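The next block holds one structure in the form of structure tokens; read it before the comments.
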2 protein chains.
Amino acid sequence: MAINSVNVLFTHALADTALSAKQKEVLKASLVLFSEQGFDRTSTSDIAKKAGVSEGTVYKQFKTKEGILAAILKPFAQSVIPTAASEFVTMISSTSYPSLEEFLRHVVQNRMQFAKENKLQLKIFAQELLHNTELVQALEAEIKPKLIKQMGQVLEYYQKQGQLVAWPAVRIFRYVISVVFSYLVPYLLLELPLDVEEASQEAVEFLLGGLSPATK
Amino acid sequence: MAINSVNVLFTHALADTALSAKQKEVLKASLVLFSEQGFDRTSTSDIAKKAGVSEGTVYKQFKTKEGILAAILKPFAQSVIPTAASEFVTMISSTSYPSLEEFLRHVVQNRMQFAKENKLQLKIFAQELLHNTELVQALEAEIKPKLIKQMGQVLEYYQKQGQLVAWPAVRIFRYVISVVFSYLVPYLLLELPLDVEEASQEAVEFLLGGLSPATK
DNA sequence: TAATAATAAGTGAGTGCTCACTTATTATAA
DNA sequence: TTATAATAAGTGAGCACTCACTTATTATTA
């Protein structure tokens, strides 16, 4: 059921691509198998079988098994950090800024929803991060400046307003991201349900306390 | 250097066991290879070569490759949550309770130090968690009650004192653990240095803000 | 339109190789 | 000498990937 809905979303994303129906089946089967068993424990014959195609078909489009992985993770990786055109920026660049609470709730909720819709990709991604050091370095180099550029001035605004503690942006990101993950990890690993509305509410309540300027 | 010191610690832990010198070498080699390349991408012949023994010797003690993994992870898993005999409890059960800040700093610092000393095991452990669903379930079932039993009354104490917000224990654990991990993840994945003293200081500063009873 | 040609997509039985694990042989120790 | 420890040479299953060939689709011509 949960997997189905993920598949529906993935299928939808696949619609834009120039892949044939069978090649899409290959990607869908790989998505499920990689996330369930891990990349290394999934054979190309497993993939072919689940996709209902021959092994030759698998290799017609994707030259290597790694190529299949890349085809799944590339579009995912590029949407982990929402682009400058995203809602975040439009939300902020409007004449009236929302409160820090509203802003945080929006960001947290948005990313939790994203994680929910990309559950399988996230699991595969995490596996890859753990034994692909170069990938980690490359991501760090790309994502961190992007994040700071996009969010940096927003944070500054709230800091000048006195709504946000005057810590470096990196430190604030660290806490926001980790608290979001504190709700995602049980969902990803234990298959527990995740109520995004409730979770983001809770998370923001905590974050606001920790990120408000000192009353100490 | 960092790996060396880890090895020194691991070697020390190995001293108590009834393993022969060569069998200990097997475990040390496996620890490094599994953490660097992952379990699936490490062959038993790699292990034998690095340990300076034959492949037969590897299999004399450890019946399977999985058996090697278990020999590494079992003692680690059991020390992730410190036992009831640990410092935590003695710290608390003394007649004068420390402040929440002191208590938090001690816990956070202690676990960060532990992570630093068990860096390679942690990496292997994380890999395993991602595609071993049963293991995750088993850990959840064992660790969660243990954690609540040990820490539950301590939290209650601070809540009654008005130092700690009256949230369920699970929610408080969630935030403390995730903030600790926010410092560990860059250390583990990006090989960045980790100053435990400084990091725990920072972490607690944030946690105290978020976990103090509402001033809202 | 119908017939033919050209291209693309798909197949499945290989192929060489790696791997976890075994076993026959040799070194060491009691 | 006998028992134990260690080795090094297997062994067969499974793997990623290939390739000669077939089928489906599209373009071209009469």
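Side chains are part of it too, since the values below use all heavy atoms of this structure and drop only hydrogens, waters and symmetry mates. To find a chain, count down the sequence lines: A is the first, B the second, and so on, and within it residues start at 1. Note that the coordinates shown come from a computational prediction; the quantities given were computed from them, not determined experimentally.
Within 4.0 Å (heavy atoms only), A:Thr44 reaches at least one base atom of the nucleic acid. Among the atoms of the strands shown, base atoms are found under 4.0 Å from some heavy atom of A:Thr57. B:Lys63 comes within 4.0 angstrom of nothing in the nucleic acid, heavy atoms only. When heavy atoms are screened at a 4.0 angstrom cut-off, A:Gln23 is found touching the sugar-phosphate backbone but no base atom. Residue A:Val58 is out of contact with every strand shown, counting any heavy-atom pair closer than 4.0 Å.
Between A:Gly56 and A:Ser45, the one whose closest nucleotide on DNA chain D sits nearer the 5' end is A:Ser45.
With salt bridges taken as basic N to acidic carboxylate O contacts below 4.0 Å, none links B:Glu198 and A:Arg171.
Which of D:dA16, C:dC21, D:dA6 sits closest to the side chain of B:Lys65 comes down to C:dC21. Checking C:dG12, D:dC17, D:dT7 against every side-chain atom of A:Tyr59, the shortest atom distance belongs to D:dC17. Of the listed nucleotides (C:dA9, C:dT11, D:dC15), C:dA9 has the atom at the smallest distance from the side chain of A:Ser20.
As a whole-Å value, the separation of A:Asp40 CG from C:dC19 P is 11 Å. Atom CZ in B:Phe62 sits about 12 Å away from atom P in D:dA6, given to the nearest Å. Across the protein-nucleic acid pair, B:Glu66 atom CD and C:dC19 atom P stand 16 Å apart, rounded to whole Å. What separates CD of B:Gln61 from C1' of C:dA20 is a distance of 18 Å, to the nearest Å. Put simply, NZ on B:Lys22 is 4 Å from P on D:dT7, counting in whole angstrom units. In this structure, A:Leu69 atom CG and D:dA16 atom C1' are separated by 15 Å, rounded to whole Å. In this structure, NZ of B:Lys49 is placed 18 Å from C1' of D:dA6, rounded to the nearest angstrom. Following rounding to the nearest Å, A:Arg41 (CZ) and C:dA20 (C1') show an atom-to-atom distance of 14 Å.
Other residues, nucleotides and ligands contribute at most 12 non-hydrogen atoms within 6.0 Å of the CZ atom of A:Phe181.
Side-chain atoms of B:Lys144 never come within 3.5 Å of backbone atoms of B:Val170 as a donor-acceptor pair (strictly under, hydrogens ignored). A:Asn110 places no side-chain N or O within 3.5 Å of a backbone atom of A:His106 that could act as its donor or acceptor partner.
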Test salt bridge (Lys or Arg N to Asp or Glu O under 4.0 Å) on B:Glu25 and B:Lys22 and set out the steps.
CA-CA 5 Å; B:Glu25 284 305 313; B:Lys22 297 209 172 187; over 6 Å; no
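A donor-acceptor contact under 3.5 Å links the side chain of A:Lys60 to the base of C:dG10.
Contact between the side-chain N/O atoms of A:Ser54 and the OP1/OP2 oxygens of C:dG12 is not found at any separation under 4.0 Å.
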